[in-house]
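Single-structure report; data block below.
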Amino acid sequence: MTEAKQPLVRLENVHKSYGENHVLRGISLAVNPGEVVAIIGASGGGKSTLLRCTTLLERFDAGGLSYGDLEVARDEGGVAVYGHKNVLQEAKQRFGLVFQNYNLFPHYTVLKNLMDAPLCVQKRDAAEVEAEARRLLERMGLAGNENKVPCELSGGQQQRVSIARALCMNPDVLFFDEPTSALDPELTQEVLKVIRDLAAQHMTMVIVTHEMAFARDVADRIIFIDKGVIVEEGPAEQLINNPQHERTRAFLSRYENG
């Protein structure tokens, strides 16, 4: 685990382009141990790209990325230079990622979905991993579903399995990419309750979300991204209820009226 005195995640002046489309334009942020950070903004503003690059599904073009004491990428003359394969593998042990569309293995049972990465990637003891997986499923309200396959579960149950799967790797920080966007309102509440419970237990989380009331209630800090830059950030309730920047006010107003 990383040392508690330093940020668990640090981004420094990161940039990302797709051809002529400059999606991220110099974003810097740090996430501290036990902090819940929500990222909001309009579609196309760069939220998901930021999350994908931070979780190494894609790479920044420029800027720096660190996980605790581990430097994953550093900027050299305006180019992001990434560490060797073993550095990237170590970085991936430090975070978990929950996708909006679950990304469970459809042919694996629920229990095998949870156990696969700890066994294959972390080479942990099978009995220890199974015991932890069962505890996590019980914590998620999913006891009794261990031998089902994903198609036998509701969307809300599948998303809770994906959260348990991420937790089974014992990450320092959990990232969520719009975890409720594929769910109807009733199932959304199931998943939001789980995330609220994790926040109450001081799990470090970064959540890209379109649920403004949820972001206000669960996050310590909210970051509003628009057109690839951080327009405004601050304490969650303050940013939602009393935004300081006109672009933030316009976004929240559209959201309330939409």
Side-chain angles (χ1 to χ4, degrees), residues 2-14 24-51 53-55 63-68 94-98 100 163 166-167 171-181 188-189 191-258:
T2 52
E3 201 174 303
K5 293 180 181 178
Q6 61 190 152
L8 293 182
V9 188
R10 183 187 293 277
L11 304 175
E12 297 180 271
N13 194 29
V14 296
L24 302 177
R25 300 169 175 264
I27 287 179
S28 297
L29 66 90
V31 180
N32 296 310
E35 187 177 28
V36 180
V37 177
I39 300 176
I40 64 171
S43 297
K47 306 185 305 296
S48 288
T49 297
L50 182 68
L51 203 67
C53 290
T54 305
T55 56
L65 169 63
S66 298
Y67 276 95
R94 299 196 181 192
F95 65 81
L97 175 59
V98 178
Q100 52 186 300
I163 294 171
L167 289 169
D172 288 339
V173 56
L174 267 186
F175 292 94
F176 293 84
D177 184 9
E178 300 203 11
T180 60
S181 66
T188 290
Q189 292 309 309
V191 173
L192 295 184
K193 181 184 182 304
V194 168
I195 298 174
R196 282 194 180 92
D197 290 345
L198 292 172
Q201 294 158 23
H202 305 292
M203 180 73 204
T204 308
M205 294 184 282
V206 178
I207 308 167
V208 169
T209 184
H210 59 279
E211 299 277 350
M212 297 301 134
F214 167 72
R216 180 194 61 211
D217 294 344
V218 79
D220 299 301
R221 180 160 51 108
I222 292 179
I223 294 171
F224 170 55
I225 293 179
D226 188 41
K227 298 178 181 176
V229 300
I230 294 177
V231 174
E232 185 173 345
E233 64 177 297
E237 190 168 346
Q238 175 185 305
L239 188 141
I240 295 294
N241 293 340
N242 187 28
Q244 301 301 300
H245 199 287
E246 177 55 38
R247 281 159 74 184
T248 316
R249 289 195 290 270
F251 168 74
L252 292 172
S253 173
R254 285 200 310 271
Y255 206 91
E256 288 167 4
N257 296 332

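Remember, predicted model here, so these are calculated numbers, not experimental data. Each residue takes its place number in the sequence, starting with 1.
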Q | Member of I195, D197, L174 meeting the side-chain contact (heavy atoms from CB on, under 4.5 Å) criterion with M203 | A | L174
Q.
Among residues at least two apart in sequence or on other chains, which ones pass side chain to side chain contact (heavy atoms under 4.5 Å, CB included) with S28?
A. N13
Q: Identify the two heavy atoms, one from L252 and one from P243, that lie closest to each other, and give their separation to 0.1 Å.
A: CD1-CG, 3.9 Å
Q.
Rounded at 0.5 Å granularity, tell me how far CG in L97 sits from OG1 in T55.
A. 4.5 Å
Q | Residue among L24, L50, V31 satisfying side-chain contact (heavy atoms from CB on, under 4.5 Å) with L11 | A | L50
Q. Any donor-acceptor pair under 3.5 Å linking the side chain of S253 with the backbone of R249?
A. no
Q. P171 and A166: which non-hydrogen atoms are nearest, and at how many Å?
A. CD-O, 3.4 Å
(Q) Looking at E237, I'd like to know if its CD atom is crowded, meaning that more than 12 non-hydrogen atoms belonging to other residues, nucleotides or ligands lie closer than 6.0 Å. (A) no
**Q.** Contact summary for C53 and L65, nearest pair of heavy atoms
**A.** O-CD2, 4.2 Å
Q | All pairs passing side-chain hydrogen bond (donor to acceptor under 3.5 Å, both in side chains) where residues 221-235 contributes a residue, at least two apart | A | E35-R221, R221-E233, D226-R247, E232-T248
Q. If every non-hydrogen atom of A38 is compared with every non-hydrogen atom of T209, which pair is closest and at what distance?
A. CB-CG2, 4.4 Å
Q. Which atom names give the shortest non-hydrogen contact between T204 and G34, and what distance separates them?
A. OG1-N, 2.7 Å
**Q.** Approximate separation, where rounding is to 0.5 Å, of I207 CD1 and I223 CD1
**A.** 12.0 Å
Q) NE2 of H245: more than 12 outside heavy atoms within 6.0 angstrom? A) yes
Only pairs under 3.5 Å count here: list side-chain donor-acceptor contacts from residues 40-48, not counting sequence neighbours, and write none if there are none.
| from | atom 1 | to | atom 2 | distance (Å) |
| --- | --- | --- | --- | --- |
| K47 | NZ | G41 | O | 2.9 |
| K47 | NZ | A42 | O | 3.3 |
| S48 | OG | D177 | OD1 | 3.2 |

(Q) Let me confirm one number: the OG1-CD distance from T180 to Q100, rounded to the nearest 0.5 Å. (A) 9.5 Å
Q | Spacing of CD1 belonging to I225 relative to CG belonging to L29, to within rounding of 0.5 Å | A | 7.5 Å
Q: Just jot down the ring-ring contact (aromatic ring centres under 6.0 Å, His included) partners of F95, sequence neighbours excluded, or say none.
A: Y67, F175
(Q) As an exercise, state the distance from OG1 of T54 to CD1 of I39, rounded to the nearest 0.5 Å. (A) 7.0 Å
Q: Mind checking ring-ring contact (aromatic ring centres under 6.0 Å, His included) for F176 and listing every partner two or more places apart, or none if nothing turns up?
A: none
(Q) For R196, give me all partners under salt bridge (charged side-chain N to carboxylate O under 4.0 Å, His left out), at least two apart in sequence or on another chain. (A) none
Q. Going from OG1 on T49 to CD1 on I27, what distance comes out if it is rounded to the nearest 0.5 angstrom?
A. 9.5 Å
(Q) Does I163 form a side chain to side chain contact (heavy atoms under 4.5 Å, CB included) with L198? I'd like the steps, not just the answer. (A) CA-CA 10 Å; I163 294 171; L198 292 172; 4.0 Å; yes
